[in-house]
Amino acid sequence: MNGKKAFLQQDGNNLQFSEATAEEITRFIALDHDLPAIMRGLSKDAKLAPALKAGKGIRILRQDPWECAISFVVSQNSNIPRIEATLQKIREEYGNALGEGIYSFPSPARLSQATLLQLQKLGLGYRAQFVKNFADHVSKHGDFNGLHGKPYADARRLLMNHLGIGPKIADCICLYGLQKLEAFPVDVWIKRVMTSVYGKEITRAYDVSAEKVSAEKIAEFGRKRFGEFAGYAQLYLFQWERNVGKK
DNA sequence: TGCCAGGAATGCG
DNA sequence: CGCATTCATGGC
């Protein structure tokens with residue numbers, strides 16, 4: 001976090017942390033999001049309420065936009081264990097050693113020094129080219145072109161100009177990196193849970209069978225249905241769907 | 001052991 | 001546009 005290591009652990013209602021300030025922790029886990037108010041608003045949707053209840057307390061993090069972007073570019077068409085392993089390799093290979101086996105996430109300048117071949121050797125597959133292009137661009141231009149100050153729709157569109165960033169990953173960057181809480185990323189899990197929970201409504205809204213509706217339609221549906229905190233609805237639905245079948 | 005993975009680019013009609 | 005195919009690799 002912020003190029004340093006930090007430790008955080010929850011003990012009941014008590015949050016314990018070290019090697020970071022309360023302000024840093026508060027910012028990272030976004031305690032400024034008024035979760036009770038957000039839950040009150042979203043739970044007016046009776047179909048969403050079970051997911052909210054099951055995942056009670058889950059929060060959207062405030063991640064560094066750069067790290068967030070690379071992380072989600074790496075995530076595309078992959079699985080979570082592999083994604084975590086790959087990101088760990090990137091940190092070990094190009095980040096700074098912080099002790100205790102912990103490494104910082106590399107800066108854009110540092111990561112752009114990696115060659116395409118080196119990135120491919122980390123197991124990135126075809127995503128290596130996307131990471132390379134994006135690292136080169138950000139290290140050259142220095143920022144995200146002031147994306148923070150732009151409205152959600154503009155930020156999303158600008159992100160999608162980059163190779164390897166489509167609708168879903170742009171939405172994840174908007175949500176977790178830029179704190180555009182109305183973003184509603186649609187992946188395979190969200191597609192599944194949305195068609196099973198809101199199939200009727202989606203069919204009515206778009207006049208296509210719920211199974212055939214495109215990801216972009218579901219994203220639009222989610223934003224309209226859940227409003228300014230659609231991203232929170234997405235997160236709870238995602239967790240809910242992934243935990244189906246588990247205790 | 002083949003199917004699937006927190007998708008996106010590309011090409012086609 | 002909207003749809004189908006292709007992409008590189010590892011987890012299970």
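Per chain, numbering begins at 1; letters A, B, ... match sequence-line order. This structure is a prediction, so every number in the text was calculated from the model and none was measured.
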Contact boundaries of DNA chain C with chain A (under 4.0 Å, heavy atoms), 5' to 3'? C:dC7 to C:dC12
C1' gap between B:dA5 and C:dC7, integer Å: 13 Å
Earliest and latest nucleotide of DNA chain B, 5' to 3', sitting under 4.0 Å from a non-hydrogen atom of chain A? B:dA5 to B:dA9
Which residues share a side-chain contact (heavy atoms from CB on, under 4.5 Å) with A:Phe7, sequence neighbours left out: A:Lys5, A:Ser18, A:Glu19, A:Glu100, A:Ile102
In whole Å, measure the gap between the C1' atoms of C:dA8 and B:dC3 for me. 15 Å
Count the heavy atoms belonging to other residues, nucleotides or ligands that lie under 6.0 Å from CZ of A:Arg82, then report whether that count exceeds 12. yes
By a strict heavy-atom criterion of less than 4.0 Å, which residues belonging to residues 52-80 of chain A are in contact with DNA chain C? A:Asn77, A:Asn79
Starting at the 5' end of DNA chain B, which residue's closest nucleotide do you reach first, A:Ile169 or A:Arg82? A:Arg82
Residue whose nearest DNA chain C nucleotide is more 5′ - A:Gln120 or A:Pro81: A:Gln120
List in chain and number order the residues that pass ring pair (Phe, Tyr, Trp, His ring centres under 6.0 Å) with A:Phe72, two or more places apart in sequence or in another chain; answer none if no residue qualifies. A:Tyr176
Is any side-chain heavy atom of A:His137 closer than 4.5 Å to one of A:His141? yes
Non-hydrogen side-chain atoms of A:Thr21 and A:Thr26 separated by less than 4.5 Å: no
Have A:Arg110 and A:Gln113 got a donor and an acceptor in their side chains that come within less than 3.5 Å? yes
Mind checking A:Leu163 for me? I need base, sugar-phosphate or nothing, with any heavy atom below 4.0 Å counting as a touch. sugar-phosphate
Nearest-nucleotide check on DNA chain B, A:Phe238 vs A:Phe130; residue mapping nearer the 5' end is A:Phe238
Exercise: do A:Glu92 and A:Gln88 side chains pair donor with acceptor under 3.5 Å: yes
Using 30° and 60° as the class boundaries, would you call the ring planes of A:Trp66 and A:Phe134 parallel, tilted or perpendicular? parallel
On a whole-Å scale, what distance lies between the C1' atoms belonging to B:dG6 and C:dA4? 22 Å
Look at all strands and tell whether A:Ile165 reaches a base, only sugar-phosphate, or nothing, counting heavy atoms closer than 4.0 Å. sugar-phosphate
Mind listing the side-chain donor-acceptor pairs of residues 29-40 of chain A below 3.5 Å, one per line with the distance, residues two or more places apart or on another chain?
unit_1	atom_1	unit_2	atom_2	d
A:Asp32	OD1	A:Arg62	NH1	3.1
A:Asp32	OD2	A:Arg62	NH2	2.7
A:His33	ND1	A:Tyr232	OH	2.8
A:His33	NE2	A:Gln179	OE1	2.7
A:Asp34	OD1	A:Ala37	N	3.4

Under 3.5 Å side-chain donor-acceptor pair for A:Tyr206 and A:Glu220: yes
Verify the neighbour count for atom CG of A:Asp11: are there more than 12 heavy atoms of other residues, nucleotides or ligands below 6.0 Å? yes
